There are 2 protein chains.
Amino acid sequence: MPYEHELKSLSNPIRQSVINELAQRPMSVRELTVKIDVSQPVMSQHLKVLKEAGLIEVRPEGTRNIYCVNKEKLEEIRAFWTAHWSNLLASLNEQKE
Amino acid sequence: MPYEHELKSLSNPIRQSVINELAQRPMSVRELTVKIDVSQPVMSQHLKVLKEAGLIEVRPEGTRNIYCVNKEKLEEIRAFWTAHWSNLLASLNEQKE
DNA sequence: CCTTATGATAAGCTATGCCTTATGAACACG
DNA sequence: CGTGTTCATAAGGCATAGCTTATCATAAGG
């Protein structure tokens with residue numbers, strides 16, 4: 001099963017929120033900890049998971065680390081899931097007939 | 001975030017395989033343990049999780065329990081995800097312009 | 001009945017996930 | 001430089017996930 005790692009990364013509420021926030025605009029760790037209500041180390045840990053899954057990227061800017069989503073990756077995932085679920089539901093419909 | 005419970009259920013490789021198998025046709029626990037290579041108790045435990053998430057259903061047939069996917073539920077989830085990811089990627093595209 | 005097949009569930013163990021607290025590194029700024 | 005801000009990461013703890021083994025219930029079939 002492809003994209004297992006990515007799917008698992010996205011199965012956590014905080015990380016889902018991070019993706020949602022970063023889809024609006026790039027943000028520093030500090031900003032994210034304020035928007036989503038978590039401690040700074042927790043945020044860094046979740047960001048690490050998302051980064052290792054290739055879902056987000058970092059760019060240092062002075063003392064701050066600006067995170068943004070990896071657009072290509074998200075589009076890849078969307079494409080895969082769309083296809084996968086189409087097949088799934090297609091099989092299901094064949095069962096009935 | 002809606003469908004969190006369902007998404008989490010689907011974030012496990014064995015449970016993903018179960019859904020894939022049951023999308024082909026309804027199956028007994030025994031059949032599933034053979035197709036996917038796990039012990040019977042493990043399979044029962046994973047089936048319980050999927051059932052509690054509303055993704056599958058059971059029907060007793062003699063000594064066997066036949067499991068099948070809940071088609072309506074899967075279609076609900078697909079619809080939600082499609083919409084959610086469309087919004088996500090739409091926001092992303094607005095960032096660039 | 002007795003036996004066999006099937007499957008649910010409990011108990012116990014280990015690994016993992018996610019949090020806290022503490023610390024150190026890197027940069028900006030006076 | 002010294003100080004403050006931002007952030008990553010290590011260490012430790014606790015809850016949960018997921019496995020094994022063992023057991024029990026139910027139905028079919030002689």
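Chain letters run A, B, ... following the sequence lines, proteins first and then strands; every chain starts at 1. Given the structure is predicted, the values throughout are model-derived calculations rather than measurements.
Spacing between atom CG of B:N65 and atom C1' of D:dA28 amounts to 15 Å, rounded to whole angstrom units. Here the P atom of nucleotide D:dT9 and the NE2 atom of A:H46 are 15 Å apart, to the nearest Å. One atom, CZ of B:R30, and another, P of D:dA27, lie 20 Å apart when rounded to the nearest Å. Whole-Å rounding puts the A:I56 CD1 to D:dC7 C1' distance at 14 Å. Look at NZ on B:K8: it is 9 Å from P on D:dT16, rounded to the nearest Å. A:M27 has its CE atom 17 Å from the C1' atom of D:dT6, to the nearest Å. Following rounding to the nearest Å, B:Q40 (CD) and C:dT9 (C1') show an atom-to-atom distance of 10 Å. Rounded to whole Å, the distance from NZ on B:K48 to C1' on D:dG18 is 13 Å.
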Practice item. Go through the steps for A:K8 and B:N12 under the test side chain to side chain donor-acceptor pair (under 3.5 Å), then give the verdict. Key: CA-CA 8 Å; A:K8 194 155 190 192; B:N12 174 287; over 6 Å; no
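In this entry C:dC19 has D:dG12 as its Watson-Crick or G-U wobble partner, both defining distances falling under 3.5 Å. In this structure C:dG7 sits in a base pair with D:dC24, meeting the Watson-Crick or G-U test at under 3.5 Å.
The backbone N or O of B:G54 lies less than 3.5 Å from a partner atom in the side chain of B:N70, making a donor-acceptor pair.
Across every non-hydrogen atom of B:Q95 and A:P26, the tightest pair is OE1-CD, 3.4 Å.
Contacts of A:P60 with the nucleic acid, taken as non-hydrogen atoms under 4.0 Å apart, are absent. Residue-level contact check: A:V29 touches the backbone only, with heavy atoms under 4.0 Å from sugar-phosphate atoms and none from bases.
Between B:V38 and A:L47, the one whose closest nucleotide on DNA chain D sits nearer the 5' end is A:L47. In this structure, A:R15 and A:G62 both approach DNA chain C, and ranking their closest nucleotides by distance from the 5' end singles out A:R15.
Residue B:T63 places its side chain closer to C:dA5 than to any other of C:dA8, C:dA5, D:dC7. When the nucleotides D:dT20, C:dA22, C:dG7 are ranked by their closest atom to the side chain of B:S44, C:dG7 comes out on top. Which of C:dA22, C:dC19, D:dT6 sits closest to the side chain of A:P41 comes down to C:dA22.
By the 6.0 Å contact criterion, NZ on A:K35 is open, its count of non-hydrogen atoms from other residues, nucleotides or ligands being 12 or less.
For the OP1/OP2 pair of C:dC18 and a distance below 4.0 Å, the side-chain nitrogens and oxygens of A:N12 include at least one atom meeting the criterion. Close to D:dT6, at under 4.0 Å from its OP1 or OP2, lies no side-chain N or O of A:Y67.
Screening residues 3-47 of chain A for ring pair (Phe, Tyr, Trp, His ring centres under 6.0 Å), with sequence neighbours left out, gives A:Y3-A:F80.
Contact annotation: side chain of B:Q45 to base of C:dA8, donor-acceptor pair absent below 3.5 Å.
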